[in-house]
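Scroll down for the structure; my scribbles are underneath it.
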Number of protein chains: 2
Amino acid sequence: MGRVRYLEIAEALRAAILSGDYPVGAQLPSESDLAARWSASRGTVRQAVATLASEGLIGSRQGARRIVLRQERRHSFGELNSFAQWAEGVGHEVHSRFLSRTRRPATAEEAERLALAPGTEILAVLRLRLLDGEPTMVERTAYADWVAAAVEAMEPDCRSVMDGLAAGSAIVAHYGEHLIDALAAGSEDARLLGIRRGSPLLRQRHVSATNTGRPIEWSDDRYLAGSVTFSVSNSAVATPLERHAGDR
Amino acid sequence: MGRVRYLEIAEALRAAILSGDYPVGAQLPSESDLAARWSASRGTVRQAVATLASEGLIGSRQGARRIVLRQERRHSFGELNSFAQWAEGVGHEVHSRFLSRTRRPATAEEAERLALAPGTEILAVLRLRLLDGEPTMVERTAYADWVAAAVEAMEPDCRSVMDGLAAGSAIVAHYGEHLIDALAAGSEDARLLGIRRGSPLLRQRHVSATNTGRPIEWSDDRYLAGSVTFSVSNSAVATPLERHAGDR
DNA sequence: CAGTGGTCTAGACCACCAC
DNA sequence: TGGTGGTCTAGACCACTGA
């Protein structure tokens, strides 16, 4: 059993919401109610409902009961950071093809994103990702020098590099930063994905870091338009997503 | 002064991080340190640092001091939900052109998103948005029946509908849900934005709701590729963004 | 006006980290 | 081993909601 009380309570409430016991718009029990029912303190209950609020499942306003906002599962950290973890989580089959793996000095941006000295040698990887057999995403990743050897040692068609790093080297991603925009397919993108040059692509650039904040990889992932959608909930008290101006 | 202690503390820490007093990678003072310095309880300090953690500014691990992850301002709720608020926040001039405003029965999806009975009459608005004078975004919004009259009463080139609703009718958005993907410009998109049909667009569909969870509007915003980027940070303990599979 | 969530306190014990 | 963050308790007062 989960030895952490507030996670137990959060999980039970989450399950009740997802199963429809509390439909969208319904009120949750009051804090004191929940505290009594779980024989926990009010603080612990508040930690539980705060967890659900951060997932966008419930909303709250002073003076009124909490209400259910959505009735959908929220993805985990790994499912946003790893293509393979996400695909399997939503029940798709994923394949990978390493097209090239070369060591070269980092570009200025790569050095910046990976917190490396300019010109440090990184491992540049080009991969084509297939979802249920169809080409879906082109991934260009720069791995920091200190993980390069571990990545090079992996199978040429391994399912998930991040999973491999975690299993083989105990290198685990804890933090991620993601930049999402759209762009036209270049000639290489077009050839690999089997589309015309200039076709719309959804791009997700992201850096993953360890629990000490040390960057592991900086990646540029380009999805076929229509193949994926990103989703985010926000509220007046906490906003996780932002919007940046591009170059004009 | 902000009468809420933990927000005061959070604001001071945030300012210190943004100003570079605590550069990326630096350690923050310990909780007991901060508690003593602010003569607050540890709980209050934890609430403050939790706020910064939810903004992606700092990270924490049991046993070690908190560390600074980023050194960037995080946008507010309004700046993600309102084009005008965002544009002004980043120092751009924004103009709007109402191209059409018509009442018509809601489509199935609109009724679903706005939590209305199928066929309820909504207000459909087509707007072209300009950033610093250049066409940047095409916005197609469906306003719920109960706000339609207030929206119709607005100036034909008003800066921000949501600001107008807040000022005129005390209708304020508290919750938002956003779906982000890419698609090819249709003929209307292309004509309005001055680009070729099939050019890549970044699409942000979103629904805004009041603090009682009542949906106000459901909007389909299409940005010129390269004009905006969305950004999100996540961590192993809290993930605000998710990725969905599209139709295949 | 009673009920509810938002804030705050002053303790406590534990798991984990770095030295 | 001492310091740190993670969890939990049992109170308290206040601001707001809703009948």
Side-chain angles (χ1 to χ4, degrees), chain A residues 1-13 22 25-54 57-69 170 172 174-175 210-214 235-238, chain B residues 1-13 22 25-54 57-69 170 172 174-175 210-214 235-238:
Chain A
M1 318 56 196
R3 274 276 127 321
V4 182
R5 295 289 277 138
Y6 83 88
L7 288 178
E8 273 187 75
I9 302 175
E11 185 149 356
L13 283 175
Y22 298 106
Q27 295 189 335
L28 256 51
S30 73
E31 293 178 358
S32 45
D33 234 27
L34 290 169
R37 206 175 301 180
W38 288 84
S39 43
S41 79
R42 207 183 138 210
T44 301
V45 168
R46 284 181 62 81
Q47 222 173 332
V49 294
T51 303
L52 300 189
S54 82
L57 284 179
I58 64 176
S60 65
R61 349 158 4 217
Q62 194 169 34
R65 293 270 184 94
R66 289 186 173 76
I67 52 172
V68 177
L69 293 176
V172 181
H174 252 63
Y175 302 110
T210 66
N211 63 1
T212 62
R214 192 178 194 191
S235 77
V237 296
Chain B
M1 317 53 185
R3 274 275 124 329
V4 183
R5 296 290 275 139
Y6 83 88
L7 287 179
E8 274 186 76
I9 302 175
E11 185 149 356
L13 283 175
Y22 298 106
Q27 295 187 335
L28 255 52
S30 73
E31 293 179 359
S32 45
D33 234 26
L34 290 170
R37 208 177 300 180
W38 288 84
S39 43
S41 80
R42 207 184 136 207
T44 302
V45 168
R46 283 181 62 82
Q47 223 174 332
V49 294
T51 304
L52 301 190
S54 81
L57 283 180
I58 64 177
S60 65
R61 347 153 12 213
Q62 194 169 33
R65 291 271 184 92
R66 288 185 173 79
I67 52 172
V68 176
L69 293 176
V172 181
H174 253 62
Y175 302 110
T210 66
N211 62 1
T212 63
R214 191 177 194 191
S235 77
V237 295

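The chains referred to below are lettered A, B, ... by the order of the sequence lines, with proteins before strands, and numbering in each begins at 1. Basis for what follows: all heavy atoms, side chains included, without hydrogens, waters or symmetry-related copies.
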Give the minimum heavy-atom separation between [X] and [Y], together with the two atoms involved.
| X | Y | answer |
| --- | --- | --- |
| A/S235 | B/Y175 | CB-CD2, 3.6 Å |
| A/L69 | B/G213 | CD2-CA, 4.2 Å |
| B/Q47 | B/Y6 | NE2-CE2, 3.5 Å |
| B/V49 | B/I58 | O-CD1, 3.5 Å |

Practice task
Please figure out whether A/S39 or B/S60 has its closest DNA chain D nucleotide nearer the 5' end.
Solution key: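 So the residue in question is B/S60.
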Handout entry: Closest-nucleotide 5' rank along DNA chain D - winner of B/L28 and A/R61
Key =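 Nearest-nucleotide comparison on DNA chain D picks B/L28.
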Problem - Residue whose nearest DNA chain C nucleotide is more 5′ - A/T212 or B/G43 - result: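 Going by which nucleotide is closer to the 5' end, it is B/G43.
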Handout entry: Reported CG-to-OG1 distance for the pair A/L7 and A/T44, which is rounded to 0.5 angstrom
Key =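 That separation rounds to 11.0 Å.
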Problem - Approximate separation, where rounding is to 0.5 Å, of B/L34 CG and B/L28 CG - result: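 These two atoms lie 6.5 Å from each other.
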Rounded to the nearest Å, what distance is computed from the [atom1] atom of residue [X] to the [atom2] atom of nucleotide [N]?
| X | N | atom1 | atom2 | result |
| --- | --- | --- | --- | --- |
| B/Q47 | C/dG5 | CD | P | 16 Å |
| A/I67 | C/dT4 | CD1 | P | 16 Å |
| B/R65 | C/dA18 | CZ | C1' | 12 Å |
| A/Q27 | C/dG3 | CD | P | 15 Å |
| B/R42 | D/dC8 | CZ | P | 13 Å |
| A/N211 | D/dG6 | CG | P | 12 Å |
| A/Y6 | C/dC13 | OH | C1' | 16 Å |
| B/R5 | D/dC14 | CZ | P | 17 Å |

Practice task
Using heavy atoms and a sub-4.0 Å distance, could you list which residues of residues 29-38 of chain B are near DNA chain C? By number, please.
Solution key: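 The stretch gives none, as no residue of it lies under 4.0 Å from the strand.
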Problem - B/S30 side chain near B/R65 side chain, heavy-atom distance below 4.5 Å - result: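 The answer is yes; the side chains approach within 4.5 Å.
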Problem - Side chains of A/L57 and A/L13 in contact at under 4.5 Å (non-hydrogen atoms) - result: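 Side chain of A/L57 against side chain of A/L13, heavy atoms only: no contact under 4.5 Å found.
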Exercise for the section: Please check the phosphate of C/dT7 (OP1 and OP2 only) for any side-chain N or O of B/R46 closer than 4.0 Å. Expected result: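 No.
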Practice task
Ignoring backbone atoms, test whether B/Q62 places a side-chain nitrogen or oxygen under 4.0 Å from the OP1 or OP2 oxygen of C/dC17.
Solution key: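 For C/dC17, neither OP1 nor OP2 has a side-chain N or O of B/Q62 closer than 4.0 Å.
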Problem - Listed nucleotide nearest any side-chain atom of B/A40, set D/dT9, C/dT9, D/dT7 - result: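 My answer, after comparing the listed nucleotides, is C/dT9.
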Practice task
Give the nucleotide from the list C/dG6, D/dG6, C/dT9 with an atom nearest to the side chain of A/R66.
Solution key: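 For A/R66, the side-chain atoms sit closest to C/dG6.
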Problem - Stems where DNA chain C pairs, listed by first number, each of three or more Watson-Crick or G-U pairs under 3.5 Å - result: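 Result, WC/G-U stems under 3.5 Å: C:1-18 with D:1-18.
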Handout entry: Whether B/R5 side chain and B/S41 backbone form a donor-acceptor pair below 3.5 Å
Key =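 No; judged by distance alone, with no hydrogens or angles, the pair does not exist.
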Handout entry: Under the side chain to side chain contact (heavy atoms under 4.5 Å, CB included) test, residues paired with B/T212 that sit two or more places apart
Key =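 Applying side chain to side chain contact (heavy atoms under 4.5 Å, CB included) to B/T212 gives A/R61, B/T210, B/R214.
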